[in-house]
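One structure is given here, and the rest of the page talks about it.
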Amino acid sequence: MPELTGRVLLLGGTTEARALAGRVPVISSLAGRTSRPLLPAGEVRIGGFGGVEGLVRYLRTERIGAVVDATHPFAATMTAHAAAATSQTGVPLLVLRRPGWRSGPGDVWHRVPHLPAAAALVPGLGERVFLTTGRQSIAAFAALDGCWFLSRSVERPAPPLPRRLEVLLDRGPFTVDGERELLRRHRIEVLVTKDSGGGAAKLDAARELGLPVVMVDRPPLPADVATAATVDEAVAWLAQRG
Ligand code: NAP
């Protein structure tokens, strides 16, 4: 473990953040969205900072020497706030983002820029839809009365919801065998996912079954931020600042 000077604020909520917290001393920050979060090792704080201003105050009060933003690739607001607050305070920032997925032979992917575009495309691809975009994304599909949805999320989604919906409460990791069985059992015709990266069991299963996938692209990163693709790279970046 590298010797670090100054405190490191780690913006978390991902597998990578938990792994990093197990390797270097950090204050992990969680948004507090899930009622039973998987807690990382070490110090943890929970809840929003109160926008950019609140984060600037926190960085100063807690004498933070570096920030690692290891939030989910779709947590674009938190990432924008981290970029603004660190730029205002001169605190170094690293964004840790696992690589996105790439299609290969046999994949039938439709890349779309955002959730409304996914919702516009889905009815033309199939009637029975597996939604794995997270509970806060389900509202984008609420008006699609012609489709039946299976939605998987960690917490129960809140309205507005599609009329024909079955909710599956589950948290990964998932296996290809399990995903194939799920897709078959529910006679799924189209899979919708965000390009989160990481475990790709659902994509492997969809390829095996020849199912189309609607892949929502990641929001862009703020300009000029340092990035790391792996936990090892983030550990090395922090060690350079130790
Ligand atoms: P978001 O839209 O980017 O952030 C909204 C607000 O939530 C932020 O402005 C901030 O509030 C607070 N927040 C977000 N992440 C935080 C953190 N790590 N620590 C403290 N405050 C945080 O975020 P989101 O998409 O709702 O995601 C919330 C959390 O769930 C993140 O930690 C993310 O890593 C995790 N997650 C998100 C997804 C996804 O698909 N979006 C998937 C899996 C996990 P203030 O402005 O008050 O500071």
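Just follow the structure's listing: the first ligand is 1, and inside any ligand the first atom is 1.
From the protein, the heavy atom lying nearest to atom 47 (O) of ligand 1 is G50 N, 2.9 Å. The shortest contact between atom 29 (C) of ligand 1 and any protein heavy atom is with A31 CB, 3.7 Å. For atom 44 (C) of ligand 1, the nearest protein heavy atom (residue, atom name, distance) is G13 O, 3.5 Å. Nearest protein neighbour of atom 11 (O) of ligand 1, counting heavy atoms only, is G48 CA, 3.6 Å. In this structure, the protein non-hydrogen atom closest to atom 27 (O) of ligand 1 is A75 CB, 3.9 Å. The closest protein non-hydrogen atom to atom 48 (O) of ligand 1 is F49 N, 2.7 Å.
Between T79 and R97, the side chains place a donor N or O and an acceptor N or O closer than 3.5 Å (distance only, hydrogens not considered).
Of the residues listed (I27, V68, I64, L94), the one engaging V8 in a side-chain contact (heavy atoms from CB on, under 4.5 Å) is V68, and it is the only one.
Proximity of I46 to ligand 1, defined as any heavy-atom pair under 4.0 Å, is not found for any part of the residue. If you look at E16 next to ligand 1, there are no close heavy atoms at all, none under 4.0 Å.
Proximity to R45 (heavy-atom distance under 4.0 Å) selects the following atoms of ligand 1: 20 (C). Near G51, with a cut-off below 4.0 Å to any heavy atom, the atoms of ligand 1 are 45 (P), 46 (O), 47 (O), 48 (O). Atoms of ligand 1 lying under 4.0 Å from at least one heavy atom of H81, given by number and element, are 9 (O), 46 (O). Those atoms of ligand 1 with a heavy atom of A76 less than 4.0 angstrom away are 3 (O). Of all the atoms in ligand 1, the ones that sit under 4.0 Å from a non-hydrogen atom of T71 are 18 (N), 34 (O). Listed by number with element, the atoms of ligand 1 under 4.0 Å from a non-hydrogen atom of G47 are 20 (C), 21 (N). Taking every non-hydrogen atom of G12 and a distance limit under 4.0 Å, the qualifying atoms of ligand 1 come out as 18 (N), 31 (C), 32 (O), 33 (C), 34 (O). Close approach of ligand 1 to S29 (heavy-atom distance below 4.0 Å) involves ligand atoms 17 (C), 18 (N), 19 (N), 20 (C).
Taking only nitrogen or oxygen atoms, main chain and side chain alike, A70 does not reach within less than 3.5 Å of ligand 1. Looking at T14 next to ligand 1, no N or O pair under 3.5 Å apart turns up.
The aromatic rings of H186 and W148 sit parallel, their planes meeting at an angle under 30°, below the 60° perpendicular limit.
A salt bridge is defined here as a Lys NZ or Arg NE, NH1 or NH2 lying under 4.0 Å from an Asp or Glu carboxylate O, and R128 with E166 fails to meet this definition. Contact check on E62 versus R45 returns no salt bridge, with no Lys/Arg side-chain nitrogen under 4.0 Å from an Asp/Glu carboxylate oxygen. Between R163 and D145 there is a salt bridge, since a side-chain N of the basic residue sits under 4.0 Å from a carboxylate O of the acidic one.
Side-chain contact between L144 and P162 is absent, with no heavy atoms from C-beta onward closer than 4.5 Å. Side-chain contact between I138 and F149 is absent, with no heavy atoms from C-beta onward closer than 4.5 Å. Between F141 and L115 the shortest side-chain heavy-atom distance falls below 4.5 Å.
When the heavy atoms of H72, E53, K194, M78 are ranked by distance to atom 4 (O) of ligand 1, first place goes to M78. The residue from Q136, R33, R135 that puts a heavy atom closest to atom 5 (C) of ligand 1 is R33.
No single ILVMFWY cluster, assembled from side-chain heavy atoms under 4.5 Å apart, contains both L10 and L55.
Under the 4.0 angstrom criterion for non-hydrogen atoms, P73 is not in contact with ligand 1. Residue contacts with ligand 1: L30 is included, with a non-hydrogen atom under 4.0 Å away.
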